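Report on one structure; see the data block that follows.
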Number of protein chains: 2
Amino acid sequence: MTNIRDIAAEAGVSVATASRALTGKGRVSAATVERVRAIAQRHRFQPNEIARSLSSGRSHSLGLLVPDITNPFFPELMAGAESAAKARGQTILLTAALGADSAREDLSVLRARGVDGFIVVGNPFDSAEQLREAAGSRPLVVVDRSESVTDLSTVVTDHVEGAALAVRHLIELGHTRIAHISGPPGLDVTDLRVAGYERELRAAGLEPRVVDGDFTVESGAAAVRALLDGPAAPSAITTANDLAAIGAMNAVLARGGSVPGDLSIVGYDDIVLAALVHPGLTTVAQDIGELGARAVEELERQLTGDTDVRTVSLSTSLVERGTTGRAS
Amino acid sequence: MTNIRDIAAEAGVSVATASRALTGKGRVSAATVERVRAIAQRHRFQPNEIARSLSSGRSHSLGLLVPDITNPFFPELMAGAESAAKARGQTILLTAALGADSAREDLSVLRARGVDGFIVVGNPFDSAEQLREAAGSRPLVVVDRSESVTDLSTVVTDHVEGAALAVRHLIELGHTRIAHISGPPGLDVTDLRVAGYERELRAAGLEPRVVDGDFTVESGAAAVRALLDGPAAPSAITTANDLAAIGAMNAVLARGGSVPGDLSIVGYDDIVLAALVHPGLTTVAQDIGELGARAVEELERQLTGDTDVRTVSLSTSLVERGTTGRAS
DNA sequence: CTGTTAGCGCTTTCAC
DNA sequence: GTGAAAGCGCTAACAG
């Protein structure tokens, strides 16, 4: 491995000058810069990032904590973050942790590895305070949590508006009995989407009806069965996420029903999977990759000294596919 | 940030002794070990991994290169690798690169970051030689490529047997016109699966029929349309992967056909998605997470000095769901 | 068993 | 503009 000493020697300058020439920081004559860089290039010299980190205190790496890689929502977000990071010369250190304990542990490991900051998707802890503590005073941006994290930069989509969008679509199709399958109660994302759902429904003079779910396929299936078997079955539902919507759809199909014939369904997220089921899932789209990319951008902003807390909110849109139809 | 000097000072020992006590390498009295560790624990001391890496030459991090995060196959593999790595105290540095150029670049960045070795999924280059060169003499294990990479440790599944499994299942169901939608021709995974398909079909005295695809949903749909519109339409197909199978299924459903009524379909991979479509996809299952985990294990083995090249081959199994039925 | 001495490869004052 | 020197926090010989 050729190191900066070799380069400096060959260029006939000190290591310090070579460093300045390479990084572009500090005064160096244009001539030396050119000479040093040419030599570095010829040797395909890659400065040792470890040494660089140790001495400069910055590692050009970002810790990304996601709750669950196998939920297709997160890889899409990771992809967005990864490419944004790469474009800025940062590397992603990935870790997946579900519970608070493992999250604390994982953040600690990443901290020891010197990540410059964290992107945390969701909040594995009970409070923003605990999260901040686990991040150890390092810059931090939270994705997809809004209410519960104050004083922390966040990147979110407008859940209230998104949920309202779904309801509006169903109302336009003539539906009047519209239920909502929610996420885990208490979670801010859940509550926000429920709020949007209820607001829009009430505005139309209709009665809201919420069944709790937990973002899983199974919970969507269970909820829809309960709904369909109960009194005054709905003709349409909105769901907290696409996975639950797909579970709901499968449950209807499994009992010989038809979608949207017997039940119109609107998902939420627009994961790639939404377009792959048959019929294609009508859903509230958020640009998931963008969520990750903006988080990187936000973090980068904080790393360059801008300390004010900011909330970037992305908009959502409805994408109509095959799971919604006119009320009969 | 408290560092090892603080710990050493408080314990009344030299930094070197503190280091030995903490790492457990070298002779230290049990008493000092205990004392030092207690102090470290109390301070929640986390040794700076950067410094540790610089001085020891090992970073306890693994570079993971995948071609495409958004293809659901890869996140499942990443999840397996990530948790196996974590269990061994290693951190995953993630990078996604499709072309040879960006792969070369990415590997170089990870090398500069001091990763101890690489796990490369697929081979972004034309040859194993180029891959080895891009990895810069660092230990390397390749996942999901077999033929084309010799002299390199690999983790694969038995593609020939897997493909044969699918065919056997269809033959048992009474099908005689069984086509195969393949992956990109020339790719070893493709060729192996085609070989297994042909072998098994010929063994039954049946005529093989292969249509080229490229692992995408669209290619599956296009291939099935061609097949169904052509002469002697098959009653069943096997596919190179689940995504193509799902595309095929959607294409049949979209034209008002039924699955498995009009066409039985067998996928390959058993990505989570396979269980989520309706009807559930019958498919050749490989334990994708295990693929990643074993890769980490293999790499670890090489890192501990065992240099012999090894190929670990995982077995596959058929999971029957709803897309296959008796021939009419 | 423990302390002392050198670095790992780079960045960063501080002089000149 | 450039060089010398110090040091980031730790590990790894080498003595004792």
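Computed from a predicted structure; not experimentally measured. In the text below, chain A, chain B and the rest are named by the order of the sequence lines, each starting its count at 1.
Of the residues in residues 48-60 of chain A, those lying under 4.0 Å from DNA chain D by heavy-atom distance are A:L54, A:S55. A heavy atom lying under 4.0 Å from DNA chain C marks the following residues of residues 14-35 of chain B, by number: B:S14, B:A16, B:T17, B:R20, B:R27, B:V28, B:S29, B:T32.
Side-chain contact between B:V13 and B:R35 is present, with heavy atoms from C-beta onward closer than 4.5 Å.
Taking five base pairs at each end of the helix from C:dC1-D:dG16 to C:dC16-D:dG1 and finding the rotation axis that steps the C1' atoms of four pairs onto the next four gives two axes whose angle is 40°, to the nearest 10°.
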Per-pair distances, 0.1 Å, donor-acceptor, side chain in residues 17-25 of chain B, under 3.5 Å, sequence neighbours excluded:
{"from": "B:T17", "atom 1": "OG1", "to": "B:S14", "atom 2": "OG", "distance (Å)": "3.1"}
{"from": "B:T23", "atom 1": "OG1", "to": "B:S19", "atom 2": "O", "distance (Å)": "2.9"}
{"from": "B:T23", "atom 1": "OG1", "to": "B:K25", "atom 2": "N", "distance (Å)": "3.3"}

Would you be so kind as to tabulate the donor-acceptor pairs closer than 3.5 Å made by side chains of residues 91-103 of chain A, with sequence neighbours excluded?
{"from": "A:T91", "atom 1": "OG1", "to": "B:R113", "atom 2": "NH1", "distance (Å)": "2.7"}
{"from": "A:T95", "atom 1": "OG1", "to": "A:D106", "atom 2": "OD2", "distance (Å)": "2.6"}
{"from": "A:T95", "atom 1": "OG1", "to": "B:E82", "atom 2": "OE2", "distance (Å)": "3.3"}
{"from": "A:S102", "atom 1": "OG", "to": "A:G99", "atom 2": "O", "distance (Å)": "3.4"}

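The nearest pair of heavy atoms linking A:D68 to A:F74 is O-CD1, 3.0 Å. Closest approach of B:T157 and B:Q286 over heavy atoms only: OG1-OE1, 2.7 Å. When all heavy atoms of A:Q302 and A:P139 are compared, the pair lying nearest together is NE2-CB, 3.9 Å.
Taking the charged nitrogens against the carboxylate oxygens, A:R37 and A:E34 have no contact shorter than 4.0 Å, which rules out a salt bridge. Here B:E133 does not pair with B:R104 in a salt bridge; the nearest charged N to carboxylate O distance is not below 4.0 Å.
More than 12 heavy atoms of other residues, nucleotides or ligands sit less than 6.0 Å from atom CD of A:Q130.
Considering only residues two or more places apart in sequence or on other chains, A:E129 meets the side-chain contact (heavy atoms from CB on, under 4.5 Å) condition with A:S127, A:R132. A:A295 pairs by the side-chain contact (heavy atoms from CB on, under 4.5 Å) definition with A:I119, A:V141, A:V143, A:V155, not counting sequence neighbours. By the salt bridge (charged side-chain N to carboxylate O under 4.0 Å, His left out) test, A:D287 pairs with no residue at all, sequence neighbours left out. Listed by chain and number, the residues in a side-chain contact (heavy atoms from CB on, under 4.5 Å) with A:V15 are A:I4, A:R5, A:A8 (sequence neighbours excluded). Residues passing the side-chain contact (heavy atoms from CB on, under 4.5 Å) test with B:R42, sequence neighbours excluded: B:E10, B:I39.
On the nucleic acid side, DNA chain D contacts chain A at distances under 4.0 Å to non-hydrogen atoms, with the end points of that region at D:dG1 to D:dG9. Protein chain B contacts DNA chain C from C:dC1 to C:dG9, reading 5' to 3' and using non-hydrogen atoms of the protein with a distance under 4.0 Å.
Applying the side-chain contact (heavy atoms from CB on, under 4.5 Å) test between B:E298 and each of B:V142, B:D306, B:V312 identifies B:V312 as the sole match.
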